[in-house]
Protein chains: 2
Amino acid sequence: MSNNRIGEVTVIPLGGLGEIGKNMMVVEANNEILIVDAGVKFPEDELYGVDLVIPDISYLVKNKERIKGIVLTHGHEDHIGALPYVLKDIDAPVYGTKLTLGLLSGKLKSHNMLADTYLRHVYPGHSVEIGSFKVEFIRVNHSIADSCALAIHTPAGPLVYASDFKFDQTPIDGKMADIHKLAELGDEGVLALFSDSTNVEREGFTMSEREVGKTIEDSFVEATQKIFVASFASNIHRIQQVFDAAVKYDRKVALSGRSMINNVHIALELGYLNIPEGLLIDLKDINKLPDHKVVLLMTGSQGERMAALTRMARGDHHQISVEKGDTIVVSATAIPGNAKAVGRTINQLFKRGANVIYEALSGVHVSGHASQEELKLMLNLTRPKYFFPVHGEYRHLHLHAKLAQGVGIPKENIFIPDLGDRVTLSQDRGYINGSVQAGRVLIDGLGIGDVGSVVLRDRRLLSENGILMVVVTINKEGKVLAGPDIISRGFVYIRESGELINDATKQVEKALSECEDNNVTEWSTLKSKIRSALDSFLYNRIKRRPMILPIIMEV
Amino acid sequence: MSNNRIGEVTVIPLGGLGEIGKNMMVVEANNEILIVDAGVKFPEDELYGVDLVIPDISYLVKNKERIKGIVLTHGHEDHIGALPYVLKDIDAPVYGTKLTLGLLSGKLKSHNMLADTYLRHVYPGHSVEIGSFKVEFIRVNHSIADSCALAIHTPAGPLVYASDFKFDQTPIDGKMADIHKLAELGDEGVLALFSDSTNVEREGFTMSEREVGKTIEDSFVEATQKIFVASFASNIHRIQQVFDAAVKYDRKVALSGRSMINNVHIALELGYLNIPEGLLIDLKDINKLPDHKVVLLMTGSQGERMAALTRMARGDHHQISVEKGDTIVVSATAIPGNAKAVGRTINQLFKRGANVIYEALSGVHVSGHASQEELKLMLNLTRPKYFFPVHGEYRHLHLHAKLAQGVGIPKENIFIPDLGDRVTLSQDRGYINGSVQAGRVLIDGLGIGDVGSVVLRDRRLLSENGILMVVVTINKEGKVLAGPDIISRGFVYIRESGELINDATKQVEKALSECEDNNVTEWSTLKSKIRSALDSFLYNRIKRRPMILPIIMEV
């Protein structure tokens, strides 16, 4: 039950604050709930084996009758990726622009959920009534087409959810962020602004996407053989620029990588890409054309193990090989954590004799996120009463809060809530009003949430030192009938360490015979004797501590 | 047996080419061997649980009678860290500058090897005869004091091994790289140059270390409470600048972190740090002084789990806590792979209310490696006949080779050998002359080299999906006496997944009873039946593939 009074609105961040990814926010007013975005986060290294991380939506499940709708700002994974999981537990109509819903549809289809989901598309510049909320979709620029900020009109006043954005003064599709609408809202009075903190560490303005086009063109001018371009599959404007260069320099384009093929086809179908008839050719046909007539557009800009470019660099792509003299454009930045994998791919490509054009050497990528001056502009356009820096780790939120103070937002009107905090706002005051369950849910295979901290701890221990199993079969009297046998995985080569394992087995035999002498038959005692005998033996001998797992079978 | 003729020299890189770290090179002439540096590399993520990586020195062990000495260019881990392992297998005198040998001594002491090693210190600007080699130590600037390039005089002419360097026109200790000596060598004729490729992607000149001092001073001027500075423990010039600022602004300095304490004391003892009496205080005494009178200088600039700053950020340092309003200077860059850990530490420090000054926001760090213009300067000073880009991944070596062509080195005189390649050089020609065993040796605990690729593969598999053991005890006739029992680690919580494990157990029982019906008693068949039954069951049910380990005990 909501406890909002008239003239109040409550916002609850469920993701995206104190972290990069899994963006999700709840807005409550008039006893109704509106959800903004539902994204995934890609697991950090310490989440061994986890595929995806999504927000904990227990609160929404408990209050599902009050949910009126889900509004999406753009089609990136960190804004829509959790929907297939969220929509299993809650049922609500989903609103977004055409491309956003197009990308979502592909995702829902692969989860067999498309038919059961009510999708409603909204044009940028238009608004829609969802329960008692009126939501305006306001065009912004970002590294994916059809991105919008939202103005959510509530009884306490309008919230502007800027989401991820930049102000590109020379956008590829000619459609600039709707600064007039943002200014108008600012004039009328915005209750609160929620704005992207990703690039708050960067001074000045983020460069226009158009600048990348120039570098891409330069590389086309100089190329004499095949050109390979790796990019984020969702960056439709970047892809358009590659197509434009191909047309200008008379090359055909083949696509490689599942997400690249899917996204280009969705964008083409919905009219977000403009290409002449016959520009695209099939990957298997590229060898029919001379080298200087083809471009390959593909995934793999992050060094992902199984992506097209990564496999070509390794030399194990079944259709395409990189030859001496080919040109490779890696048109992306390495996301933190991927730098080593990207570096490895570039090394391998240079080794094959290719001419590699990458970020460290040239302007072959620009960010989709606003830098400091754009963040100030957003604040000055909307002139909010309250400000919430969102989408960032804590340092980003903190620096964005300081930046907002710099343009005149009083410190006490700036909120950096924890996930799950209920922040209640009115024209008179804003305050933290308790909290709800929030956090992360780990997805591993089809299992949702069954990878707990114990499992992750075990995976970490296993990855560092491996496991050593000691199996022994005893009879009811505790007499050893078979074993002890020691089996290891991820520890040391038995072949190379036969002596070590022999000596270890003797330690276990000694521990077991001591137990027999003292009439110890209790399994837990036997196990702990085995474990401690082995642990101290191995640590003294080779300074390692594998996981030790004694297994006793009784016949 | 060396096959060098008169007027020839052969060089063999054993590390540092195609990789960052474990730098080591072998020089052979007159049937004698000289070794240059012997460094470690820190393991990449895919080397699960490995502590250190060192070069494979099999070739040196086989030819140890011919080894005349080991010369060290500077005291960084990637140049001296492998010596405690190398000196176990080969016996040779070690030459280096005073600070380099000071740092090495600490290392040898902790391996109980100091007494058995012959160390001979050489002043920069001086030379030493090692067998028939004459080796000159030539001062260069780098992020550790007392760094030297080497001129190794051979029957074929002098080799200049530049090692890691930069040209700092305003060095902290007033001691500039000896450009006059390098110019003189160039005038006389250098056979080959071996030069640092680390920063070849960067344009221009690397900034002077002195610039960092200004930022450090600024942070001291503005600080009103405690100041914490985290830095690389080996960066003696950086440490001197922190001491200078402390003196100027009337603060005492306490040290924290084992390597910081060790290095400062070695550098003080050898005269590489100048501080007034009484500047250093004990860590436990800092609370006796007012906050605005203390500086803490510590390790942890890379977000290392157990380093001082990391623990303070987490709030589990037993002596020191970070308070609201304290100033933290992270005076280092995050090495690729550490960016996330460093980011996490900075987030936590901001959360504690500290004012954090770090690289993204200010000039609080400069590199110790030469940028493009300095690399060109080194080439133009030494004017080598042959050029070897060293110290870098393949892309760095490739770009450095191109840069050398740009200043006039003919392409055919530039070598990028693989590790182990024997490159024979004379005034007439340079060519690859076969190869010797080379590569990496992994150190895990006290075990050297017993962590092979199978063990690493198993650790990776274990870390991604965990392990599931199926234990069954049978009698000689193949009848099941106990089990099957399923035990898992790192897979799923049994408590949460009782049903899954029950159903899995039934699959195994079914597979076993089929075997019994068909009189299958061979263990390998039983195991493969168990494995395939479980594997397909688990993949269909939850799309996961843990490692499956059937264990059969016979009584």
Side-chain angles (χ1 to χ4, degrees), chain A residues 18 44-45 48-49 201 336-337 339-340 343-344 346-348 350-351 356 360-361 393-395 398-399 444-447 450-452 454-456 458-467 469 471 473 481-483 485 487 489-493 496-497 541-544 547 549 551 553-555, chain B residues 18 44-45 48-49 201 336-337 339-340 343-344 346-348 350-351 356 360-361 393-395 398-399 444-447 450-452 454-456 458-467 469 471 473 481-483 485 487 489-493 496-497 541-544 547 549 551 553-555:
Chain A
E44 316 218 316
D45 288 345
Y48 295 91
E201 289 170 338
K340 281 191 177 182
R344 194 178 306 133
I346 293 171
N347 290 335
Q348 289 165 336
F350 271 127
K351 234 175 189 166
V356 191
L361 301 180
E393 298 184 17
Y394 188 82
R395 68 181 182 280
H398 173 85
L399 294 169
D444 181 4
L446 290 190
D450 61 353
V451 178
V454 173
V455 170
L456 290 174
D458 283 351
R459 287 183 183 172
R460 178 171 63 78
L461 293 174
L462 290 167
S463 79
E464 286 170 0
N465 292 299
I467 186 169
M469 290 144 282
V471 197
T473 303
L481 300 182
D485 286 356
I487 300 134
R489 284 294 182 274
F491 174 53
V492 289
Y493 254 144
E496 287 178 5
S497 315
R541 181 83 158 255
I542 58 166
K543 292 277 177 295
R544 284 194 228 171
M547 187 184 286
L549 194 62
I551 303 172
M553 301 289 284
E554 191 183 87
V555 295
Chain B
E44 316 219 317
D45 288 346
Y48 295 93
E201 290 170 338
K340 282 191 175 181
R344 193 179 306 132
I346 293 172
N347 291 335
Q348 289 166 336
F350 270 127
K351 233 175 190 165
V356 191
L361 301 179
E393 298 185 15
Y394 188 82
R395 68 181 184 281
H398 173 85
L399 294 170
D444 181 4
L446 288 191
D450 60 354
V451 178
V454 173
V455 170
L456 291 174
D458 283 352
R459 287 184 185 173
R460 177 171 63 79
L461 293 175
L462 289 167
S463 79
E464 285 170 0
N465 291 299
I467 187 170
M469 289 143 283
V471 196
T473 302
L481 299 181
D485 286 355
I487 300 133
R489 284 294 182 276
F491 175 55
V492 289
Y493 253 144
E496 287 177 7
S497 316
R541 180 83 158 255
I542 59 167
K543 291 277 179 293
R544 283 192 229 173
M547 187 184 287
L549 194 61
I551 301 171
M553 301 290 283
E554 192 183 87
V555 294

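Letters go in sequence order (proteins before strands), and every chain restarts at 1.
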Provide the closest heavy-atom pair for Ile346(B) versus Arg395(A) in the form atom of the first, atom of the second, distance.
CG2-CD, 3.6 Å
May I have the step-by-step check of side-chain contact (heavy atoms from CB on, under 4.5 Å) for Ile551(A) and Asp485(B), ending in yes or no?
CA-CA 10 Å; Ile551(A) 303 172; Asp485(B) 286 355; over 6 Å; no
Counting heavy-atom pairs under 4.5 Å to chain B, which of Ala339(A), Gly18(A), Gly343(A) comes out on top?
Gly343(A)
Which of Ile467(A), Leu549(A), Leu462(A) touches chain B most, by non-hydrogen pairs under 4.5 Å
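It is Leu462(A).
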Can you tell me how far apart CG (Asn347(B)) and CD (Glu393(A)) are? Round to the nearest 0.5 Å.
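Reported value, rounded in 0.5 Å steps: 4.5 Å.
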